[in-house]
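Quick note: numbers below take in every heavy atom, side chains included, and nothing from hydrogens, waters or symmetry partners. Chain letters run A, B, ... following the sequence lines, proteins first, then strands; residues in each count from 1.
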Amino acid sequence: DAKTTQPNSMESNEEEPVHLPCNHSTISGTDYIHWYRQLPSQGPEYVIHGLTSNVNNRMASLAIAEDRKSSTLILHRATLRDAAVYYCTPPNTGNQFYFGTGTSLTVIP
Amino acid sequence: NAGVMQNPRHLVRRRGQEARLRCSPMKGHSHVYWYRQLPEEGLKFMVYLQKENIIDESGMPKERFSAEFPKEGPSILRIQQVVRGDSAAYFCASSRTGTPNQPQHFGDGTRLSIL
């Protein structure tokens, strides 16, 4: 099963861009890279997912390395509401997602 | 357009009692997943169900835990004879199809406390 490596924590100033990295060197060739975030006392919230090309949606952008061994979630302008734990997770067999400890993002006003 | 609904949000049980956690998937979703999150840890997969079928229960403890997703009604995660170590947040997710690359949509969880 694919596993991931993320920094434990990161800080950003409000209204500045944030780049959250993730290594997933064992990902298989057909697995999408998914990103979720979890606010305190809430369930994980889907953010974005992609396969090979960079992806954009209203929440964030996802930059995927050419060799697919790493990816970066980009929040273009961090707000206080973006403070959360961010997980990158390729799906394992059986449709389950592997959630490690993620990156705890602190946004400084 | 309701999301994944879980109830109750908080559940307190004494050791030895039974706990029943309910999950109603998003409209149009027929695939349900249960995860458990211990304090200060990430979510751990427990079981994946489709209507009336258990597809993957590789993350379920072998004893005391069971799950179902009947043709009508919510999915139920049942824990018999609860112990202190069962205290955790239990999250349910749903997806429209069962392909591995479908995003899963999560409820806000049931926080189970065992006295």
Side-chain angles (χ1 to χ4, degrees), chain A residues 1-9 22 24 26-53 55 57-60 62 64 68 71 73 84-104, chain B residues 2-7 9-10 21 23-26 29-50 53-60 67 69 88-111 113:
Chain A
D1 291 341
K3 293 294 187 284
T4 60
T5 304
Q6 298 178 256
N8 286 334
S9 62
C22 180
H24 32 75
T26 60
I27 193 172
S28 73
T30 56
D31 284 338
Y32 282 65
I33 298 136
H34 294 245
W35 282 80
Y36 289 79
R37 70 181 185 182
Q38 187 175 22
L39 279 69
S41 301
Q42 294 186 21
E45 176 187 24
Y46 166 75
V47 178
I48 199 168
H49 75 301
L51 183 62
T52 55
S53 305
V55 184
N57 65 21
R58 63 176 180 81
M59 291 181 70
L62 177 60
I64 301 170
R68 294 190 6 100
S71 62
L73 180 70
V85 179
Y86 287 78
Y87 299 97
C88 83
T89 170
N92 291 320
T93 56
N95 298 15
Q96 55 179 284
F97 283 103
Y98 169 77
F99 290 87
T101 51
T103 296
S104 179
Chain B
V4 176
M5 304 300 292
Q6 290 189 249
N7 68 81
R9 287 295 308 274
H10 301 273
L21 289 61
C23 169
S24 296
M26 284 183 69
H29 288 192
S30 59
H31 299 258
V32 165
Y33 315 80
W34 286 91
Y35 293 79
R36 176 165 65 175
Q37 186 172 33
L38 296 171
E40 309 302 323
E41 294 187 13
L43 282 76
K44 297 289 192 294
F45 168 80
M46 299 181 73
V47 62
Y48 160 39
L49 309 101
Q50 199 180 354
N53 290 305
I54 295 175
I55 307 300
D56 179 359
E57 55 182 352
S58 59
M60 286 275 273
F69 189 18
Y90 292 81
F91 292 96
C92 167
S94 72
S95 64
R96 185 176 301 277
T97 71
T99 56
N101 289 305
Q102 274 284 309
Q104 294 179 8
H105 299 269
F106 285 79
D108 281 336
T110 293
R111 278 145 188 86
S113 298

- Shortest non-hydrogen contact from B:Asp108 to A:Gly43? OD1-N, 3.2 Å

- Item | CD on B:Gln104 to NE2 on A:His49, rounded to 0.5 Å | 11.5 Å

- At a heavy-atom separation under 4.5 Å, does A:Gln38 approach chain B through its side chain, its backbone, both, or neither? side chain

- Part of B:Gln37 within contact of chain A (heavy atom distance under 4.5 Å): side chain

- Query: Only one of B:Tyr35, B:Phe91, B:Phe45 forms a ring-ring contact (aromatic ring centres under 6.0 Å, His included) with A:Phe99, so which one is it?
  - Reply: B:Tyr35

